[in-house]
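See structure below.
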Amino acid sequence: MGKFYITTSIAYVNALPHIGYALELAQADVLARWKRLKGDDVFFLTGTDEHGRKIVEAAEKAGKPVGEFVDETAAKFKELAGALNISNNDFVRTTDQKRHWPAVEKMWRKLVNKGDIYKANYKGLYCVGHEAFMKSSELKDGKCPIHFKEPETIEEENYFFRLSRYANELESIIRTEEFKIVPAGRKNEILSFIAEGVEDVSFSRPSKDLSWGIPVPDDPTHTIYVWSDALVNYISLLGYAEDGENFQKYWPADVHIIGKDILRFHALIWLAMLLSAGLPLPKNLFVHGFITSGGQKMSKTLGNVIDPFEVIKKYGADAARYYLLREIPPTEDGDFTFEKFEERYNADLANGLGNLVARVLTLAEKRTAKKELKISADVREIIDRAWENYEKHLAEMKFNEALETIWRLIGFCDEYVDKEKPWELLKQGKEKEFDQAMLNLLTSLAHIAWLLEPFMPKTADKIFEQLGIEKTAKDEWDNKFAIKKQASLFPRLPK
RNA sequence: CGCGGGGUAGAGCAACGGUAGCUCGCAAGGCUCAUAACCUUGAGGUAGUGGGUUCGACUCCCGCCCCCGCAACCA
C-alpha cells in the first residue's frame, strides 16, 4: 500500500466551468477512488488558476473588481467539483497568499540561486491578432501567416528562465520515460518540439503592465509570469514553502492529468523548474483530448457550449460521469450531444444496469434463500476475469474499456437470467436450484457495484443498500444478502 | 513545401499483415423476472482514391482528394 498523489490541471477562471474541466475531474476522480479502494494513501488536488492578463480583461468585461470576479468564478469551479461528487482532498487557488504564494516565492528564489533566472531586454515581434509574441521562424514574408499583418516590434525588460539549459536533459527524461507521457503520440509531439530547438522563456511582466499576480521577490516592479506561478500549485498546497509533512509524504506526483493544450508547459517548463530547484520529478503525465459539441469545437459564438451544470442537473452526477468516461476516448477528442447522451443513458444505464438490478431484486424477493450455498465455479470464473481486465484497463487509464468490462459482466447476468429462468424453477418447486441461481446473480451484482464504485459512487452505494450488504468487505458475502428493493436506479428517458 | 488528427456497415466507433468486429438503429423469433425491458438470430461494408512492397494488406510505403483542429470567445 503506497501513497498516490494525483492532480488535475488548475482551471483558468476567466470563464465559467466548461464540460472539458468536468471530464478532467471525472478522470482524476476515478483514479483517486480506485487507488483508495486498493488501500493506497491518496492525495487528490484540483483548483483554480487566477492570475494573468486575461483574468483582468475578463473582470473588466464583467464590470467587477478583479478580486471579486475571481472569487465568484472560483466558487463556481468548486461547486462543479461538488456537483460531480469529486473526492479531491484539497482545492488550490493561486490567489491564496497564505498557502500558495510562499511556495512560488521559494521556487523563484531557488531558480535565481541556481543562476537560471536572468534579466534581459526582450525584443519581440508582437502580433496584435495573436496578442502574443511570435518567433521570426513562424512568420511568412515577415508577416503573421494567420493574420497577414506585420507584427510590431516591442521591447520590454523581463526576467527569463533558462529553459534552454535543460533541453537535453528533458529530451532524455521524456524519451526514456523516466517521466512518462501518455498517450505515446503526445510524447512524440513533445520530443519533436524539443528537436526543433527550445528557447528560454519570459518569466515575468513589468508590473506597470500587469500587476494582477505575484510580485517578483525583491523586485516589485515585475510580476511573475502566470505559468511559473500556476505550475507551482502542484507543490504549494502540500507545503513546499515550509517543507511540510504532506510535501514530504506525497511529492512527487504520481499523475498529473492535463488537457492537450497545456502539454508544453508541463513537459518542459514545469519539469525544468523542478530540475533547477533540485526537486523530484512527477512520474506520469496523462493528456486527455477535448470535447466537441456535435462534432465542432465548442464556441460561444456558435452557441454550442455544453454547460456541465445543466447536464448534471438533468441526468444526475453519476450519469454525467458515466458518459464522460465511457463515450469520450480517454486520450482523444470525443463528442458530446444530448442525443448521444440520452442514447447511452437509455441503453446502458436504464436498460442495462438499472433493469438488471430491478429484475434480479424482484426475483430475489420471492424467497429467502438458505445460507449454506456457495457461488458456482463458472460464475466465479467470469467475475474473476472481469476484475482482471478491469484492473488492467484502469492501470492504463483506459476508463472506457474498464467500463466496457463492467458492462460485459452486466450482459452476462442478463443472459444468465434468461438461461436459468429462476421463475420457472420456483414454479417447479426447484428451490435449491433457485437459491443457487439467485446467489450467483446477487454476488455478481455485488461485484458490479464494487467495480462501479470509482466511476459512479452514488449508484454503487444504492446497489449495496438494496442488496443489504456492507460495503466494507469486497468478497465473500456468502448469502448475507438482505434484499431491500427500491426505486429504479435510472428511469428510462422518454424518446 | 507550416503542424497535427482523421476518412471502415444507416449513424458512432474498434481491431489487426493471413475468415472485417462492437454499440445504436432496423427486421424476425423467444421469454414474461424486469424500466415497452431482456435473450437469440438476421439484413447491411468491393475498408476515400491511385499506385507500390508482399505468397497475402483494411492493416506497411508513396502520391492524390476530402473533413476537422492549430486567431478570437474557449479546456
Side-chain angles (χ1 to χ4, degrees), chain A residues 8-12 14-25 49 54 57-58 61 127-132 134 137-140 144-149 185-186 188-189 192-193 196 258-262 288-293 295-306 308 326-327 329 332-335 337 339-340 342-344 346-366 400-401 404 407-408 410-411 413-427 434 437-438 441 485 487-495:
Chain A
T8 66
S9 62
I10 51 178
Y12 205 54
N14 61 334
L16 291 176
H18 189 279
I19 189 95
Y21 185 57
L23 168 70
E24 190 168 304
L25 285 173
D49 179 6
K54 278 192 183 177
E57 286 169 4
K61 213 183 244 179
C127 171
V128 180
H130 275 82
E131 297 239 58
M134 303 192 66
S137 61
E138 288 175 324
L139 301 179
K140 206 176 174 182
C144 167
I146 288 155
H147 298 95
F148 306 106
K149 278 182 191 166
R186 297 293 168 202
N188 296 337
E189 187 181 322
S192 59
F193 182 78
E196 283 168 26
I258 63 167
K260 62 180 182 179
D261 54 328
I262 53 177
H288 63 75
F290 281 180
I291 299 178
T292 54
S293 170
Q296 283 186 299
K297 184 171 175 169
M298 278 184 222
S299 99
K300 286 182 181 170
T301 319
L302 289 176
N304 64 348
V305 175
I306 306 290
R326 174 71 194 254
E327 183 73 27
E332 283 163 58
D333 288 357
D335 195 42
T337 66
E339 289 73 23
K340 276 184 185 155
E342 299 205 348
E343 189 179 304
R344 275 273 173 214
N346 273 340
D348 297 352
L349 299 179
N351 298 349
L353 177 62
N355 182 61
L356 176 69
V357 170
R359 69 192 301 209
V360 171
L361 290 184
T362 301
L363 287 166
E365 274 180 333
K366 293 185 185 297
N400 52 347
E401 294 187 28
E404 209 180 311
W407 257 259
R408 268 201 217 103
I410 290 173
C413 291
D414 270 325
E415 284 169 43
Y416 187 84
V417 175
D418 273 62
K419 198 179 75 195
E420 294 293 319
K421 301 186 178 31
W423 58 92
E424 284 285 327
L425 296 174
L426 264 194
K427 269 187 215 159
F434 177 84
M438 292 320 297
L441 285 165
K485 193 177 177 212
S488 312
L489 294 174
F490 299 99
R492 225 182 124 81
L493 299 168
K495 284 204 174 178

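Values reported hereafter were calculated over all heavy atoms of this structure, with side chains retained and with hydrogens, waters and symmetry mates removed.
- Along RNA chain B, the nucleotide closest to A/Tyr12 and the one closest to A/Phe490 are compared, and the more 5′ of them pairs with A/Phe490.
- Separation of the P atoms belonging to B/A71 and B/G2 is 16 Å when rounded to the nearest angstrom.
- Counting all heavy atoms, side chain and backbone alike, A/Lys297 lies closest to A/Thr292 at N-CG2, 4.4 Å.
- Contact between the side-chain N/O atoms of A/Asn346 and the OP1/OP2 oxygens of B/U35 is not found at any separation under 4.0 Å.
- At the heavy-atom level, A/Pro422 lies nowhere under 4.0 Å from the strands shown.
- The residues A/Lys61 and A/Glu57 are annotated as not salt-bridged, no charged nitrogen and carboxylate oxygen being separated by less than 4.0 angstrom.
- Distances were taken from every side-chain heavy atom of A/Ile291 (C-beta onward) to each of B/A75, B/U35, B/U32; the shortest belongs to B/A75.
- Residues forming a salt bridge (charged side-chain N to carboxylate O under 4.0 Å, His left out) with A/Glu189 (at least two apart in sequence, or on another chain): A/Arg186.
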Could you pull out every donor-acceptor pair under 3.5 Å between side chains of residues 417-425 of chain A and any protein atom, sequence neighbours left out?
unit_1: A/Asp418; atom_1: OD1; unit_2: A/Arg359; atom_2: NH2; d: 3.2
unit_1: A/Lys421; atom_1: NZ; unit_2: A/Asp418; atom_2: O; d: 2.9
unit_1: A/Glu424; atom_1: OE1; unit_2: A/Gln428; atom_2: NE2; d: 3.3

> Which string of ( ) [ ] | and . matches RNA chain B, if you list each base 5' to 3' and count Watson-Crick or G-U pairs only when both distances are under 3.5 Å?
Replying inline: .((((((..((((....[..)))).(((((.......))))).....(((((..]....))))))))))).....
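- For A/Glu415, there are no side chain to side chain contact (heavy atoms under 4.5 Å, CB included) partners two or more places apart in sequence or in a different chain.
- Listed by chain and residue number, A/Tyr345 satisfy the ring-ring contact (aromatic ring centres under 6.0 Å, His included) test with A/Phe490 (two or more places apart in sequence, or in another chain).
- The distance between atom CG of A/Asn188 and atom C1' of B/G4, rounded to the nearest whole Å, is 12 Å.
- Distance from the side chain of A/Asn14 is smallest for B/C74 among the nucleotides B/C33, B/C74, B/U35.
- Here A/Tyr12 pairs with nothing under the ring-ring contact (aromatic ring centres under 6.0 Å, His included) rule; sequence neighbours left out.
- A/Ser293 is linked by a side chain to side chain donor-acceptor pair (under 3.5 Å) to nothing, counting only residues two or more places apart in sequence or in another chain.
- Shown here are the ring-ring contact (aromatic ring centres under 6.0 Å, His included) partners of A/Tyr416, two or more places apart in sequence or in another chain: A/Phe412.
- Protein atom CG of A/Asp261 is 14 Å distant from nucleotide atom C1' of B/G4, rounded to whole Å.
- Rounded to an integer number of Å, the gap from A/Lys54 NZ to B/A75 C1' is 11 Å.
- On the C1' atoms, B/C68 is 25 Å away from B/C60, given to the nearest whole Å.
- For A/Leu489 and B/U35, the CG to P distance is 12 Å, given to the nearest whole Å.
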Are there any protein N/O atoms within less than 3.5 Å of an N/O atom in nucleotides 6-13 of chain B, and if so, which ones and at what distance?
none

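- When the nucleotides B/C74, B/C33, B/U35 are ranked by their closest atom to the side chain of A/Val417, B/C33 comes out on top.
- Counting any heavy atom pair closer than 4.0 Å across all strands shown, A/Ala15 reaches sugar-phosphate atoms only and no base atom.
- Comparing the P positions of B/G42 and B/G21 gives a spacing of 12 Å, expressed to the nearest Å.
- Separation of atoms CG (A/Leu349) and OG (A/Ser488) is listed at 12.5 Å; rounding is to 0.5 Å.
- When each of B/C70, B/C73, B/U35 is scored by its nearest atom to the side-chain atoms of A/Asn351, the top-ranked nucleotide is B/U35.
- When the C1' atom is used for both B/A28 and B/U35, the distance is 24 Å, rounded to whole Å.
- Using atom P as the reference point in both B/C33 and B/C16, the two lie 44 Å apart (nearest Å).
- Picking from B/C74, B/C33, B/A75 the nucleotide with the shortest atom distance to the side chain of A/Arg359 gives B/C33.
- Rounded to the nearest Å, the gap between the P atom of B/G45 and that of B/A9 is 10 Å.
- Residue whose closest nucleotide on RNA chain B sits further toward the 5' end, between A/Lys366 and A/Gly289: A/Lys366.
- Within the 4.0 angstrom heavy-atom criterion, only backbone atoms of the sugar-phosphate kind lie near A/Thr362; the bases stay farther away.
- A distance of about 35 Å separates the P atoms of B/C74 and B/A15, rounded to the whole Å.
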Considering only nitrogen or oxygen atoms on both sides, find all protein atoms under 3.5 Å from nucleotides 27-30 of chain B and state each distance.
unit_1: B/G30; atom_1: N2; unit_2: A/Asp418; atom_2: OD2; d: 3.4

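- A donor-acceptor pair under 3.5 Å links the side-chain atoms of A/Asn346 to the main chain of A/Leu493, judged by distance alone.
- At a threshold of 4.0 angstrom between heavy atoms, the contacts of A/Tyr21 with the nucleic acid are absent.
- Judged as a side chain to side chain donor-acceptor pair (under 3.5 Å), and not counting sequence neighbours, the contacts of A/Lys340 are A/Asp335.
- With B/C31, B/U35, B/C24 as the candidates, the nucleotide lying closest to the side chain of A/Ala347 is B/C24.
- A/Leu361 places its CG atom 11 Å from the C1' atom of B/C33, with the value rounded to the nearest Å.
- Spacing between atom CD of A/Glu420 and atom P of B/C39 amounts to 16 Å, rounded to whole angstrom units.
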>> Go through it in stages, so that I can follow the logic: the residues are A/Glu365 and A/Lys485, the test is salt bridge (charged side-chain N to carboxylate O under 4.0 Å, His left out), and I'd like the CA-CA distance, side-chain angles, deciding distance and then a yes or no.
In response: CA-CA 8 Å; A/Glu365 274 180 333; A/Lys485 193 177 177 212; 5.6 Å; no
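- Summarising the geometry, the separation between CG on A/Asn355 and P on B/A36 is reported as 8 Å, rounded to the nearest angstrom.
- Between A/Glu404 atom CD and B/C24 atom C1' there is a gap of 14 Å when expressed in whole angstrom units.
- Across all strands, A/Gly354 comes closer than 4.0 Å to base atoms (heavy-atom distances).
- Residues meeting the side chain to side chain donor-acceptor pair (under 3.5 Å) test with A/Asn14, sequence neighbours left out: none.
- No contact: A/Glu401 has no heavy atom under 4.0 Å from any strand.
- For the P atoms, the distance from B/U46 to B/C61 is 25 Å, rounded to whole Å.
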